[in-house]
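Structure, as structure tokens:
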2 protein chains.
Amino acid sequence: MRLVIATCSVDYAGRLSAHLPLAKRLLMLKSDGSILVHSDGGSYKPLNWMSPPCSITTQEPDADQLEAGITELWKVTQKKTDDVLIVSIHEVLHDSSHELGIDPGLVKDGVEAHLQKLLAEQIDLLGDGHTLVRREYMTAIGPVDILARDQVGAAVAVEIKRRGDIDGVEQLTRYLELMNRDPHLSPVRGVFAAQEIKPQARTLAEDRGIRCLVLDYDAMRGLDDADSRLF
Amino acid sequence: MRLVIATCSVDYAGRLSAHLPLAKRLLMLKSDGSILVHSDGGSYKPLNWMSPPCSITTQEPDADQLEAGITELWKVTQKKTDDVLIVSIHEVLHDSSHELGIDPGLVKDGVEAHLQKLLAEQIDLLGDGHTLVRREYMTAIGPVDILARDQVGAAVAVEIKRRGDIDGVEQLTRYLELMNRDPHLSPVRGVFAAQEIKPQARTLAEDRGIRCLVLDYDAMRGLDDADSRLF
DNA sequence: CAATACATGTCGACG
DNA sequence: CGTCGACGTGTATTG
């Protein structure tokens with residue numbers, strides 16, 4: 001990895017066109033050829049970048065560019081998409097290279113998968129007498145998170161989200177429409193379960209006869225003794 | 001901005017839990033208190049990070065941690081969300097600070113807004129005899145990109161996307177459902193216009209009687225003489 | 001401030 | 001290799 005601090009301007013042309021005026025920035029060149037242009041603030045997203053696979057070539061600035069103060073010109077291209085990133089460097093204030101090696105990678109734990117597992121184990125959160133049919137119940141257009149049956153044996157399809165948004169309601173609606181065409185399942189009721197349900201999503205869901213269920217993650221986790229503590 | 005190259009392990013606890021095993025990485029500390037942990041590959045997304053506003057405190061490693069080779073311990077916290085990021089540093093290989101100042105920011109050009117403008121100007125792409133009613137036609141649940149009328153005066157609602165995905169069809173469906181309840185507009189036909197329409201989106205759209213229209217951005221831009229060249 | 005739609009989204013899983 | 005859904009999504013816009 002090469003780290004360069006420099007005053008530069010940047011131009012990008014690809015799916016859109018974008019320009020960065022002259023300023024002092026960090027240029028991070030990764031060993032796979034990719035480049036990130038970072039400012040000293042904002043979030044983790046760079047001001048500009050080029051994703052791998054791509055290649056960097058340096059060009060000689062022409063007379064006009066030299067006149068304008070450009071000392072180096074980098075052209076980063078992505079063959080496949082024809083995207084181009086041009087970095088016009090004026091002054092280099094720092095330049096260092098470092099051998100990092102391959103990263104062992106991130107180990108993630110829990111979110112929606114965990115919620116799904118917990119709700120399957122605590123299926124009576126749907127209401128007394130409910131029984132689990134199975135998780136990831138397969139349909140023609142994808143798996144429903146949980147299929148259960150209520151106290152009188154009627155099918156219940158559950159869509160689980162961390163944050164209950166309008167999209168999740170649409171998704172569940174598509175499943176329900178399909179499942180209700182199946183005489184073995186029909187009638188299927190829908191339950192939209194999430195840690196947090198947005199008002200518009202709730203309105204849409206209830207308008208379509210879908211029940212909303214707010215999940216208390218901490219309480220559900222607390223009940224699950226087998227879940228080992230991480231800290 | 002402070003740049004540190006170090007062998008370190010990282011633990012995050014917040015909306016999920018994640019762990020990075022010991023390895024050599026770049027730690028980027030921005031002046032707003034945020035921190036990014038980057039490897040020498042992948043895309044622009046860091047392996048781990050903490051978004052501003054957040055604060056970094058250094059802790060003294062205890063006996064066990066010193067024994068394990070930890071020389072520095074950073075704890076990054078976000079007050080609002082209770083997220084915590086812990087960086088356990090073993091060996092520091094590089095450490096430099098740089099004053100960058102505030103970035104003037106990115107200047108973007110065109111995307112969906114541009115497509116919308118061009119289609120409004122070239123409304124006959126919808127078919128001969130079409131006329132524009134208006135862009136961003138307001139409905140109770142949000143603005144329809146374009147409302148037009150066809151050669152016989154029937155209403156046409158157009159949803160424009162750069163990439164036509166299933167979500168866009170759902171969005172247009174909601175608009176159409178609402179607009180068709182309005183006796184002044186009904187019957188309203190739907191047109192789903194995008195530079196590229198995914199097969200599943202096309203299937204869903206056509207199943208619902210929505211016409212799909214693939215937009216040739218370059219051709220549309222070529223027709224627009226007033227659109228100045230960027231390069 | 002909250003809700004919503006957009007993103008050069010990125011990323012992983014699956015067919 | 002494309003499609004699809006999730007994301008610690010982030011981010012701007014608008015009510």
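All chains are named by letter (A, B, ...) in the order of the sequence lines, taking the proteins before the strands, and each is independently numbered beginning at 1.
If you take NZ of A:K30 and C1' of C:dT10, they are 12 Å apart, rounded to a whole angstrom. Atom CG of B:L172 and atom P of C:dC6 are 12 Å apart (whole Å). As rounded to whole Å, 16 Å separates atom C1' of D:dG2 from atom CZ of B:R202. Straight-line distance from the CG atom of A:L115 to the C1' atom of D:dA6: 13 Å, rounded to whole Å. Atom CG in A:L204 sits roughly 15 Å away from atom P in C:dA3 (whole-Å rounding). Distance, A:I160 CD1 to D:dG5 C1': 15 Å, rounded to whole Å. If you take CG of A:L47 and C1' of C:dG9, they are 15 Å apart, rounded to a whole angstrom. Atoms CG (B:D32) and P (D:dG10) sit 14 Å apart, rounded to a whole Å.
A donor-acceptor contact closer than 3.5 angstrom links the side chains of A:R208 and A:T173. A:E72 and A:Q59 form no side-chain donor-acceptor contact under 3.5 Å, judged by distance and modelled atom types alone.
One N or O on the side chain of B:D32 and one on the backbone of A:G42 form a donor-acceptor pair closer than 3.5 Å. A:S186 places no side-chain N or O within 3.5 Å of a backbone atom of A:D182 that could act as its donor or acceptor partner.
Comparing atom distances between the A:Y44 side chain and each of D:dA6, C:dA5, D:dG10 picks out D:dG10 as nearest. Relative to the side chain of B:Q171, the nucleotides D:dA6, C:dA5, D:dT11 differ in distance, and C:dA5 lies closest. Between C:dC6, D:dG5, C:dT10, one nucleotide has an atom nearer to the side chain of A:S51 than all others, and that is C:dT10. Candidate nucleotides D:dG5, D:dA6, C:dG9 were compared by shortest atom distance to the side chain of A:R174, and D:dG5 ranks first. Comparing D:dA6, C:dA5, D:dG10 by their nearest atom to the side chain of A:K161 picks out D:dA6. Relative to the side chain of B:W49, the nucleotides D:dA6, D:dG10, C:dT10 differ in distance, and D:dG10 lies closest.
Residue contacts shown for B:M50 include a base, since a base heavy atom lies under 4.0 Å away.
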Verdict with supporting geometry, A:R134 and A:E136, salt bridge (Lys or Arg N to Asp or Glu O under 4.0 Å): CA-CA 7 Å; A:R134 66 163 299 165; A:E136 303 284 350; over 6 Å; no
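Within the 4.0 Å cut-off from OP1 or OP2 of D:dT11, not a single side-chain nitrogen or oxygen of A:K45 is found.
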